[in-house]
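Computed from a predicted model, the values in this text were never measured in an experiment.
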Amino acid sequence: MAEMPRAKDLFGDAAPVEAAKRMEEYTEVLGKSLSNASSVPGVAPAADPVSAIEALVANKSLTGDALAGLNSALASQRTAMQDIQKDVTLTSPLSTSFAAFDLEAPAKLLTPRPTPLRNRIPRKKGVGTSHRVKRILGYTGTGTGGVGNTWPGITESTTTAFGSINFERGPKISYAADDLILPYNSYSLSDSVSFDANFSGMGYQDLRQLSSTSTLYATMLMEERMMLMARGTASGYAGALTAPTFALASPVAAGSQTALAANTYYVNVTADAGISGSGFGESILGTEASTAVASGDVLTVAVSTAVAGALGYNIYVGTATGAANLKYVGTLKGTGTFTVQGTTSIQRTGNTAPFSTSGAAASRASADTSAYATGYDGILPTVLGANSGFNNAINSTFSTSNPGAEYQTVFAGLYDSVKADPDLVLLNGNDRKQLSDAIKSGSTANYRLTIDNPGTGGTTYGSIVTGLQNEVTGKSVDLEVHPWLPQGVSPVLSFTLPIPDTEVSDVWSNFMVQDYMGIQWPVTQFAYEFSTYFRGTFFCTAPAWNGAVSGIVSA
């Protein structure tokens with residue numbers, strides 16, 4: 001075992017008293033170094049600030065002021081050491097943590113924006129304040145426009161009046177015509193980005209670009225819906241939908257129906273102009289009615305008289321009177337009866353729905369939103385209105401015994417009236433599926449599904465109806481799902497006329513005084529502002545060559 005060096009060995013050049021003093025200091029320092037030794041060879045031991053200050057405080061030669069200052073420093077250091085010695089976690093020493101943010105730039109745009117009608121229907125140049133059209137609706141022999149037929153046979157004594165004089169001529173033909181004046185209207189949407197938002201977002205996203213493109217796409221999407229569902233109030237347009245009349249009853253719950261809680265239920269109904277989930281339009285409220293529902297019963301709402309042009313009838317129900325207390329529960333497709341069941345019911349198909357207090361309040365229909373002064377008649381008001389070629393209101397699900405018969409009825413009606421030969425059928429996605437299922441599941445349907453090229457690797461399952469053969473003209477009519485078409489109505493459209501020399505190049509057209517503009521407004525406040533603008537109208541030259549299947553109940 002090694003021995004401690006002696007004082008004279010270490011400090012031999014000093015006097016004995018001085019050597020002893022140096023040996024004492026050496027021993028003290030050596031002891032401290034051994035007590036705070038590093039566990040890593042070659043690495044100096046960590047300093048202990050508290051011990052260093054304590055050693056200074058122990059110095060008896062300090063003045064009173066110096067000692068007080070050291071004691072204050074010692075207390076602060078002990079407090080700091082207590083905080084430092086705590087564990088570092090996601091909430092300590094900062095509740096918001098020191099974790100990095102894994103933020104992916106830029107923001108993701110999960111925003112569907114299909115506009116098939118806008119992409120297909122031509123946009124033609126318009127001028128002035130309105131678009132005017134003079135139409136020959138029919139003449140003798142066409143069977144259109146309400147013009148009758150005239151027998152052309154004559155004899156030598158046959159005379160016909162030309163002015164005030166009769167001549168030996170054959171009888172004159174007759175005409176039907178009209179003169180339409182369609183006003184142009186302006187349309188615009190806007191957005192703004194504040195200076196603070198714009199500059200704060202730099203390095204992450206160009207918010208001005210996002211604002212401009214979002215506003216442009218929003219304008220296109222709303223125009224698509226206008227072309228589909230809009231109604232105008234100006235002369236020559238369909239105008240607002242009238243409020244429907246309805247009757248209430250409370251029959252006993254039957255079959256799989258769930259009974260309502262016994263109570264008095266208040267009901268009101270509006271005519272649907274394409275309301276969708278967020279609301280696009282409906283008539284003003286009808287007259288509120290109420291009925292007592294006993295335990296074990298359900299509530300039925302019957303609409304027996306159709307409102308011309310309505311896509312269906314929105315049902316509002318509550319347990320207290322007043323529009324604010326009536327909540328939307330569902331839409332009756334076509335005329336018929338809508339059943340309101342208990343809240344535990346999960347039935348979502350057919351003309352039935354569970355009672356709910358979370359739907360939109362009927363007060364949103366305190367004013368009419370089905371038609372607008374700046375509106376025009378879109379496709380649905382045209383094919384369901386007074387000038388439609390043929391509207392087959394089935395008020396039921398599709399036939400499974402003779403799938404597609406509903407459309408064959410429309411094809412036949414259009415051909416009988418104006419010799420129309422339609423080009424396209426638009427459907428809601430659920431109605432397209434129902435039509436395909438009607439063929440697959442119809443027990444008496446004379447259709448056969450064939451699996452092409454079955455292989456050992458398996459066969460893709462599923463079948464859809466891609467077209468309908470017009471049994472009258474022999475033409476194959478394409479089916480197309482429209483992304484914004486409400487369930488329950490299916491337009492049958494012609495885009496050209498099967499007649500030469502009609503002077504009608506396109507049955508459906510947009511006439512634009514000014515097509516889309518994007519306007520970056522001058523800065524007048526701490527914001528960048530953007531607007532879209534276009535001015536024009538939408539018009540069907542030959543509505544009698546179009547029709548619809550309506551009142552399609554979901555299956």
Side-chain angles (χ1 to χ4, degrees), residues 94-97 99-119 123 125-127 129 183-234 273-282 360-361 363-376 378 483-484 510-538:
L94 290 176
S95 61
T96 55
S97 83
F101 288 94
D102 187 14
L103 178 60
E104 184 178 349
K108 309 309 173 191
L109 302 177
L110 308 182
T111 51
R113 47 182 185 266
T115 54
L117 292 174
R118 189 183 178 281
N119 296 345
R123 306 174 77 82
K125 181 62 179 174
V127 295
T129 60
Y184 289 129
N185 289 299
S186 299
Y187 305 94
S188 174
L189 291 177
S190 302
D191 194 22
S192 68
V193 178
S194 71
F195 277 17
D196 290 351
N198 180 69
F199 297 122
S200 299
M202 285 185 171
Y204 176 73
Q205 181 127 21
D206 185 343
L207 293 183
R208 293 183 66 187
Q209 183 272 337
L210 176 64
S211 171
S212 298
T213 55
S214 298
T215 306
L216 175 60
Y217 281 126
T219 304
M220 294 170 64
L221 288 165
M222 292 314 301
E223 186 188 13
E224 180 78 9
R225 287 176 170 83
M226 288 167 56
M227 292 169 66
L228 189 65
M229 295 178 280
R231 301 175 68 90
T233 59
I275 194 167
S276 74
S278 59
F280 190 78
E282 60 187 320
S363 53
R364 70 177 178 181
S366 297
D368 179 83
T369 56
S370 68
Y372 294 87
T374 56
Y376 50 65
W484 313 116
N510 289 284
F511 292 91
M512 314 303 297
V513 176
Q514 174 60 55
D515 215 333
Y516 275 37
M517 294 174 58
I519 306 168
Q520 296 283 358
W521 295 104
V523 175
T524 58
Q525 55 183 333
F526 293 141
Y528 296 107
E529 298 163 338
F530 177 80
S531 295
T532 57
Y533 173 87
F534 65 99
R535 180 173 177 81
T537 191
F538 177 71

Could you verify whether a donor N or O on one side chain and an acceptor N or O on the other, from Ser212 and Gln520, lie under 3.5 Å apart?
->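 On atom types as modelled, these side chains qualify, holding a pair under 3.5 Å.
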Can you find a pair of side-chain heavy atoms, one from [X] and one from [Y], that are under 4.5 Å apart?
{"X": "Pro114", "Y": "Glu224", "value": "no"}
{"X": "Tyr528", "Y": "Phe195", "value": "yes"}
{"X": "Leu210", "Y": "Leu109", "value": "yes"}
{"X": "Met512", "Y": "Tyr184", "value": "no"}
{"X": "Thr537", "Y": "Asn185", "value": "no"}

Gap separating the CG atom of Leu207 from the OG atom of Ser214, nearest 0.5 angstrom =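 So the CG of Leu207 and the OG of Ser214 are separated by 10.0 Å.
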Using modelled atom types only, decide if a donor and an acceptor are shared between the side chain of Ser366 and the backbone of Ser363 within a distance under 3.5 Å.
->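 Between the backbone of Ser363 and the side chain of Ser366 there is a qualifying donor-acceptor contact (under 3.5 Å).
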Just checking, Arg118 and Tyr516: is the charged tip under 6.0 Å from the six-membered ring centre and within 45° of the axis?
->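 Verdict for Tyr516: a cation-pi partner in Arg118.
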Contacts of Arg208 that satisfy salt bridge (Lys or Arg N to Asp or Glu O under 4.0 Å) - sequence neighbours left out =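 Not a single residue meets the salt bridge (Lys or Arg N to Asp or Glu O under 4.0 Å) criterion with Arg208.
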Minimal non-hydrogen separation, Thr219 against Thr215, with atom names =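 Distance-wise, the nearest heavy atoms are OG1-O, 2.8 Å.
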Can you run down the salt bridge (charged side-chain N to carboxylate O under 4.0 Å, His left out) pairs that involve residues 99-108, sequence neighbours left out, and say none if there aren't any?
->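 Passing the test, one end in residues 99-108: Glu104-Lys108.
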Any residue meeting side chain to side chain donor-acceptor pair (under 3.5 Å) with Asp515, in chain and number order, not counting sequence neighbours |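 Asp515 satisfies side chain to side chain donor-acceptor pair (under 3.5 Å) with Arg123 only.
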